[in-house]
Amino acid sequence: MPVDPMLSAYSDLVFKAAVAVYTIAMLMHAVEYVLARTTAPVPALAGASAEGEVGGTLTATPPDGERAVPAGGRTRSDRFGGMAVSLTVLGVLLHVGAIVLRGLAVGRWPLGNMYEFASAIGLAAVVTWLVVLRRTPSIRRVGAFVLPPVLILLYLAGTVLYAQAAPVVPALQSYWLIIHVTTVTIASGLFLVAGFASIAYLLRRSGKLSGFTAKLPSVEALDRLAYRISAVAFPLYTFAVIAGAIWAEAAWGRFWGWDPKETVAFIAWVVYAAYLHARATAGWRTTGAAWINVLGFATVMFNLFFINMVVAGLHSYAGL
Amino acid sequence: MSSPPTAPPSLPETAPGAEPPASGPSPARRPLAFLRNTWRGLTSMRTALVLLFLLALASLPGALLPQRSLNAQLVDQYFADYPSLAPRLDRVGAFDVFATPWFAAIYLLLMISLCGCLLPRSLEGVRAARATPVATPRNLARLPHHASATLDEEPDAVAARVRSRLGVGSRFGWRSAEATDSEGVRTVSSEKGYLRETGNLVFHISLVGLLVGIAVGKLFGYEGQVIVLANGNQFCNTSILGYDSFRPGLRVDGTDLQPFCVQIDDFTADYLPNGQPDTYRADIGYQDSTQVESGDAGIWSPYELAVNHPLRLDGARVYLTGHGYAPRFTVTWPNGEQRTGEIQWQPVDQTTLLSQGATKFERPGVADDAQRQKSSLAITGLFAPTSSGGKVVTSTYPEMRNPEVAIDVLRGDLGLDDGRGQSIFAVDQSKVDSGQLVRVARANLVPGESTTLDDGTVVRFDDVTPWVALQVSHDPGQFSVLVFAILILIGLGLSLSIKRRRFWVRLTPAGEGRTLVELGGLARTDQAGYGEEFDRLRADLLDPKSDDKKDG
Ligand code: HEM
C-alpha cells in the first residue's frame, strides 16, 4: 500500500494544531485555578446526599458562599474554565482529524508505531476526561492536572517517538492489531486519568502544598474518580491482554512467552488487581490504594517507553 | 474513604466464625492451632495482597534481564559484559526467572491463598443467595444513606408502592422481606446485586483453571523448529530427529507426535523500497496424519502459509517464522567426479539478508579414510541477495535482484568424522587454526560463474533457493486456557459493574391516614456510586408527584 505524502503532511500539521490548542486549554485551566476560590477542605456539604456524591453540590463555590455569585452569572474563574473545556473539545476534534488523516495516508489502522500509539493514548485520556467532566461537571478544575501529562505525552510523541507514515511489517498485518492495540490504548488513556486523579488525591490528602491543592475537589470526589475510571480500565486492559495472547498464538507461535512486553503487562495487571483488592482491605483503603494506582500507571508507562525503547523484544517492531 | 460509616459491615478479611480462642490451647491442640492460624493467615486478603506484590516484583527481572528461554545469545553477551555479576545472578535463576522454584512458590502460595478464600466464600455465597435479607436496623438515620418523610397516605398504600418500585417478585427486582411488629410498624428489607459474588467466584475459579490449563500445556506440549528448502522439499513430523531444535514438554518423549507432512513448494517475500518486508508467503502442500498413515502419498492439500496465518493440523500448528537463502554450488574434481551442495546460509543482517554459511563437500570416490579427510572442501563466506558490487561484497536489499557470493574455498580435514557436532553455518575454527584446513581460493561469484583451484578442481556457483524456517507447536492446554480467560473477563465484568446493596423501609402509622416513611441504604461492597440510585429511590418513594425535583 503506497503512502500518500500529502495526507501524511496534513496529518502532522493538524496534530501540531491539536497540541497547540490543548496547550492553550491548559493555560486557561491554570487561570481558572488561580482565580478560583478554595473549596471546603472536607465535604462538610450540608444538604448533599449522604454520600457526598459528586454532583451539583461540589461547585467552585462553597455552598455557604453561593449567594456571592451573581444570580445566573458566572465567576471569572468559571468563564476561563468554560473556555478551557471548549478548547479541549476543539483539540479533540483536531486530534481525531490528525489520526484519521494518518490512517488514510497509510491505508491501514493508524496504530502501527510508537508515535501513533502514544498520540492515541493522549486522545483516549482527553476523551476520558471530557466524558468524566460531562457526568460530573463540578470537577472541572482537575483539568489543570490532567492536561499537563497528556501534553508531555503528545510532545514526546511528536518529537522523540515521531515516525514517518509507513506501512507495517507482516506480523502487524492482522485485524488483531485493531482489537488488541485499540483496547490497550483506550485502557492506557483511562489509566492515565485515573493515575493523575490518585496523585491529586494524595497531594490533597497529605495536606502538603495545601495552598495549591486546596482548590481541588474533595478527597472523596478524587478517590471515587480514580476508582471508577480504574474499574472500567481494568477489565478493558484484561481484555486487551487476552486479545494480545490470542494474536501472539497466531503470529509468534505461542500465546504466552514472557516476552518483556508481556511480562510488564502481567506486572501492570497484577498491580491493578492489587489496587482493587487494596480497596477492600482494611488499612489499605485510602492512601495505600491510591499509591498502588499511581504505581499501576507508572508500570503502564514503563511498558510503553522503557520496554519499547531500551529492552529488545518481539514487540520492538512497533518501531520508533 | 474517610467516612467510616460507609465501610461494609463485615470486612472481607474476617473469615466467618474466625474468633480467636479466648484461652490458650491445650498442648495437644497447639500444633492444630498453629496449622489453623497459618491457614488463616495464608488465606487473608492482606496476605493475598502481599503475594500479588511479590509476584509482580518477582517477574520484574524477567523483563529487565535477558532470559535463556527467549534469547540465549543475549544471556551469553551479558556474561561477557558483567563477568562477576552474571554468575551470581545466574545462581538465583535470574536468567530463567519463570522456571525458578521461587517464582513457582509465589504463585502456588497465591493459588492456595485463593482457594482458601474461595471455598468458604462460595459456601457463604450460596447461603446468602437463599437467605432472606437482613432485618431492618433499629436506627435507619445512622446508615450512610437515609431519608425520611411523613406522607399523606395509608401504610398499606405506601407498602404497595414500595413493593412495585422495588420490583419485588420479579427476577430482576430486589429480594425483599416484609415484617410487621406488634405496634403495627411495617418494615421492608431488601437486597440486590447477588450476581456480584457470582462474578467474583467465576473470576477466581477461572484463574485457577487458567493456571491448570497452562500447566497441561507445559507437560504435554512441544515445540520444534526446522528449516526446509522451498523447492518442493518436505518435512514430516514423525520424529524429533527431523527437527533442528526441539523443546519437549516434561511428559513428552517424542514417540507420539502427530505424523503429518508438509511440502514447501515456493516462497515469496515482498519488500518496500526501503527494504522493510511487506508480505511473506509460502505456498505449501500438506497431508494430515490419516492421509500419511493410509499411505495416500501423492495427494497434497494446498495451503498458503503466512505470518499470522499458521496451518492448524491434527491439534498442532505450523508457523512460518523466518526465511533466508541457500546458495547452490557444484564442485567438479579433476577426475570428472561431480557433487552439488545446497544448504541454508544464515542471515546476519535482517534488513538486507546478507547471509553467511558453509557448504561442505567430501571428495567422492576416495576409499582411504585418511586421504578422504584431507581432501574435503568447504565453501564459506557471504551471500548478498542484492550485491553492492565491488571487491568487498555487501548486500543493499533483501530481495534477490543481483545475487553474488564472496567465498573462501578451504581444503583439508573438516572434522566431520570426529564425532563432534558442528554448526552447519560454519567450519570448525580449530581445524583452521591448526592448519588442517587451508584456504585454497577466494573469489566473488555471480550465478553461473566458477573458480578453479590449484589442483584443477572447479567450484561453480549455480543458483540460489530460498528456505523457510518452520515452527511446529502443540499445546493441548491452549483451548481451556482460552475458555478460562474469557470466563475471567466475564467474572471481572460482573464483579466490577454490579454493586451489592441493601435498602430498608420502615413505615410507622402516624394517624389520620398518614405514614412516617424512613428509608436507609447501605452498599456492602465498594460504596462508589450507590448514592445516585438511593437518591432516585428516595425521590420516587417520598416525593412521587415531583420526581423531576432534583436533590439539592
Ligand atoms: C492474581 C490474583 C488475583 C486477582 C487478579 C484478583 C482480582 C480480583 C478482583 C478484580 C476483584 C474485585 C475487586 C473489587 O471488589 O472491586 C477481587 C475481589 C476479591 N478477591 Fe481477588 N484476585 C486475585 C487473588 C485473590 C486471592 C489470592 C484472594 C484470597 C486470598 C482473593 C480474594 C478476593 C476477595 C475476598 C475479593 C472480594 C473483595 C470484595 O469484597 O470486593 N483474590 N479479586
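Just so we're on the same page: letters track the sequence lines, and every chain starts at 1. Computed over heavy atoms, backbone and side chain alike; hydrogens, waters and symmetry mates excluded. Just so it is clear, the model here is predicted, and its values are computed rather than measured.
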Proximity breakdown for [X] and chain A, heavy-atom pairs closer than 4.5 Å:
X	value
B/Q67	neither
B/S473	side chain
B/L57	neither
B/D475	side chain

Shortest non-hydrogen contact from [X] to [Y]?
X	Y	result
A/P235	B/L489	O-CD1, 3.5 Å
B/L70	A/W258	CD1-O, 3.3 Å
B/P277	A/P170	O-CD, 3.4 Å
A/A250	B/P310	O-CD, 3.8 Å
B/L49	A/A274	CD1-O, 3.3 Å

Let me know if [X] has heavy atoms under 4.5 Å from chain B in its side chain, its backbone, both or neither.
X	answer
A/W176	neither
A/V232	neither
A/F255	side chain

Donor-acceptor pair, distance only, cut-off 3.5 Å: does the side chain of [X] make one with the backbone of [Y]?
X	Y	result
B/N308	A/A171	yes
A/Q173	B/D278	yes
B/Q276	A/P167	yes
B/Y319	A/R254	no

A/E249 with B/R312: basic N within carboxylate O range, under 4.0 Å:
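A salt bridge is present here (some side-chain N lies under 4.0 Å from a carboxylate O).
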Hey, could you give me the [atom1]/[atom2] distance between [X] and [Y], rounded to the nearest 0.5 Å?
X	Y	atom1	atom2	answer
B/I486	A/F239	CD1	CZ	9.0 Å
B/L55	A/W269	CG	CH2	10.0 Å
A/I267	B/L60	CD1	CG	4.5 Å
A/L276	B/L496	CG	CG	5.5 Å

Run the side-chain contact (heavy atoms from CB on, under 4.5 Å) check on A/V270 and B/F53 step by step: do they pass?
CA-CA 7 Å; A/V270 168; B/F53 269 112; over 6 Å; no
Once salt bridge (charged side-chain N to carboxylate O under 4.0 Å, His left out) is applied, do any residues pair with B/D96, and if so which ones, sequence neighbours excluded?
B/R68
Largest heavy-atom contact set with chain B, pairs under 4.5 Å, which of A/A268, A/A231, A/S174, A/G253:
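It is A/G253.
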Is it the case that more than 12 heavy atoms not belonging to B/E304 sit under 6.0 Å from its CD atom?
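Count over threshold, so yes.
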Stepwise side-chain contact (heavy atoms from CB on, under 4.5 Å) test for A/W256 and B/V481
CA-CA 11 Å; A/W256 194 270; B/V481 170; over 6 Å; no
Side-chain donor-acceptor contacts of residues 295-303 of chain A below 3.5 Å, not counting sequence neighbours, with atom names and distances?
from	atom 1	to	atom 2	distance (Å)
A/T299	OG1	A/L295	O	2.7
A/N303	ND2	A/K261	O	3.4

Tell me, with the steps shown, if B/V97 and A/T263 meet side-chain contact (heavy atoms from CB on, under 4.5 Å).
CA-CA 11 Å; B/V97 167; A/T263 306; over 6 Å; no
